[in-house]
Amino acid sequence: MPELPEVEVIRRGLVRELAGKRFTAVKVGTLSLRRQSTREDLKTWTVGRRIQSLSRRGKYLLFHLEGGAILLVHLGMTGRLLISPASRKPQAHVHVTFRLENRLALHFQDVRRFGQILVYAPGQTPEPLALLGMEPLARSVTPRLLHTLTRGKRGPLKNFLIDGRVLAGIGNIYACEIMHAARLSPVMPVGCLSPSDCERLLRETRRILRQAIRRGGTTVSDFLNSRGETGLFRLDLQAYGREGAPCPGCGQPIARLTQAGRSTFFCPSCQRLRG
DNA sequence: CACCCCACCTGCGTGC
DNA sequence: TGCACGCAGGTGGGGT
């Protein structure tokens, strides 16, 4: 569920409420996540430390703690980070709960348990970040650079967009929306993109990601921000999840196909394969 | 190395 | 009402 915009929305919510606060306790459940530091490590590197800042890398969220330790969180498909008063009774599927000053609690809730919670001692570099690609919103990413990266590749555009080793943070929903906005076919071999295609692709990528952040993310079924609120970008979706519904651009029905094992929604009329 | 497929999980909607 | 099946925003490991 959570792609770059959702993680960024969560990050901003957490900054507002948790920056400068100190962890006072951590409670770890019995079921483990896809990757998870031990209870002891979580306790050692969080309890007693203040949250100095929060950053995001792709779909990963980083809590930068006093003394240099890092708490790294990935939400997988159904993960949530929810802030509540510490007195609130625990909800189902909460696997880790951090207590903070001011009687606050931060809950990691994840039905499918594809999420990750990892801590790193000061000076350690989180290894999940090592292979991550560029931030699509970074100024250093230019149409020319994107064009260079596509040269010699034979895979389809869709696979390229969701490959986190190239651009970090774009998942299935936003890949569909970006390709629709850029009027590019999901099956187009990415090596065939022209420089102007790449310029349009990057422009639409940024516009859509920024718009989704402004709208508080996309809630299809599970996503909630740190206050438990849904995201409104679902109302702006032009292609994703709209199989059979009219394309907002041309009125032709949105089609669906499977790429890299997941559904792609697109308009066969607006997103034609061109030479 | 680049791809594809599946595994990892739970829940929900659909069709029989 | 019940059950089987397919599908869901994620990554990563193993095989070809």
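So that the names make sense, note that chain A is the first sequence line, chain B the second, and so on, each numbered from 1.
Less than 4.0 Å separates DNA chain C from at least one heavy atom of each of the following residues of residues 26-39 of chain A: R34(A), R35(A). A heavy atom closer than 4.0 Å to some atom of DNA chain C occurs in R112(A), F114(A), these being the qualifying members of residues 110-117 of chain A.
For K59(A) and dG12(C), the NZ to C1' distance is 13 Å, given to the nearest whole Å. Distance F108(A) CZ to dG10(C) C1': 11 Å, rounded to the nearest Å. Residue R165(A) contributes atom CZ, which lies 12 Å from atom C1' of dG13(C) at whole-angstrom precision. We find that CZ of R57(A) is positioned 17 Å from C1' of dG10(C), with the value rounded to whole Å. Here the P atom of nucleotide dC7(C) and the CG atom of L257(A) are 13 Å apart, to the nearest Å. One atom, CD1 of I170(A), and another, C1' of dG10(C), lie 15 Å apart when rounded to the nearest Å. The distance between atom CG of L167(A) and atom P of dG10(C), rounded to the nearest whole Å, is 14 Å.
The backbone N or O of A182(A) sits less than 3.5 Å from a side-chain atom of R200(A), completing a donor-acceptor pair. Listed for the T230(A) side chain is no donor-acceptor partner under 3.5 Å among the backbone atoms of T219(A). A donor-acceptor pair under 3.5 Å is absent between the side-chain atoms of R35(A) and the main chain of I117(A), judged by distance alone. For the pair D163(A) (side chain) and F160(A) (backbone), a donor-acceptor distance under 3.5 Å is absent.
Across dC3(C) and dC9(B), the matching P atoms stand 24 Å from one another, rounded to whole Å.
For Q109(A) and R80(A), the side-chain atoms include at least one donor-acceptor pair closer than 3.5 Å. Side chains of T44(A) and D41(A): a donor-acceptor N/O pair is absent below 3.5 angstrom, by distance only. For the residue pair R112(A) / T78(A), no side-chain donor-acceptor distance below 3.5 Å is found, with atom types taken as modelled.
Within the structure, a side-chain polar atom (N or O) of S263(A) is placed less than 4.0 Å from OP1 or OP2 of dA8(C). Between R256(A) and dA8(C) there is a side-chain N or O to OP1 or OP2 distance below 4.0 Å.
I254(A) contributes atom CD1, which lies 13.5 Å from atom OH of Y240(A) (distance to the nearest 0.5 angstrom). With rounding to the nearest 0.5 angstrom, the CE atom of M77(A) is 8.5 Å from the CG atom of N172(A). Atom-to-atom distance recorded for L146(A):CG and L201(A):CG is 5.5 Å, nearest 0.5 angstrom. With rounding to the nearest 0.5 Å, the separation of CZ in R227(A) from CD1 in I10(A) is 13.5 Å. Note that the NZ atom of K158(A) and the CD1 atom of I178(A) stand 11.5 Å from one another [nearest 0.5 Å].
In this structure, T258(A) reaches neither bases nor backbone, as no heavy-atom distance under 4.0 Å exists between it and the strands shown. Within 4.0 Å of G171(A), counting heavy atoms only, lie sugar-phosphate atoms of the nucleic acid but no base atom. No engagement by R234(A) is indicated, since no non-hydrogen atom pair under 4.0 Å with the nucleic acid exists.
Within the structure, every pair that satisfies the ring pair (Phe, Tyr, Trp, His ring centres under 6.0 Å) test and touches residues 29-84 of chain A, not counting sequence neighbours, is listed here: Y60(A)-H74(A).
Comparing R262(A) and G155(A) by the nucleotide of DNA chain B whose heavy atom lies nearest to each, the residue mapping closer to the 5' end is G155(A).
Of all nucleotides in DNA chain B having an atom under 4.0 Å from a heavy atom of chain A, the first and last in 5' to 3' order are dC3(B) to dG11(B).
Contacts of H180(A) classified as ring pair (Phe, Tyr, Trp, His ring centres under 6.0 Å), with partners at least two apart in sequence or in another chain: none.
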For DNA chain B, just give me the dot-bracket, please: Watson-Crick or G-U, both distances below 3.5 Å, ( ) intra-strand, [ ] crossing earlier pairs, | paired with another strand, . unpaired. .|||||||.|||||||
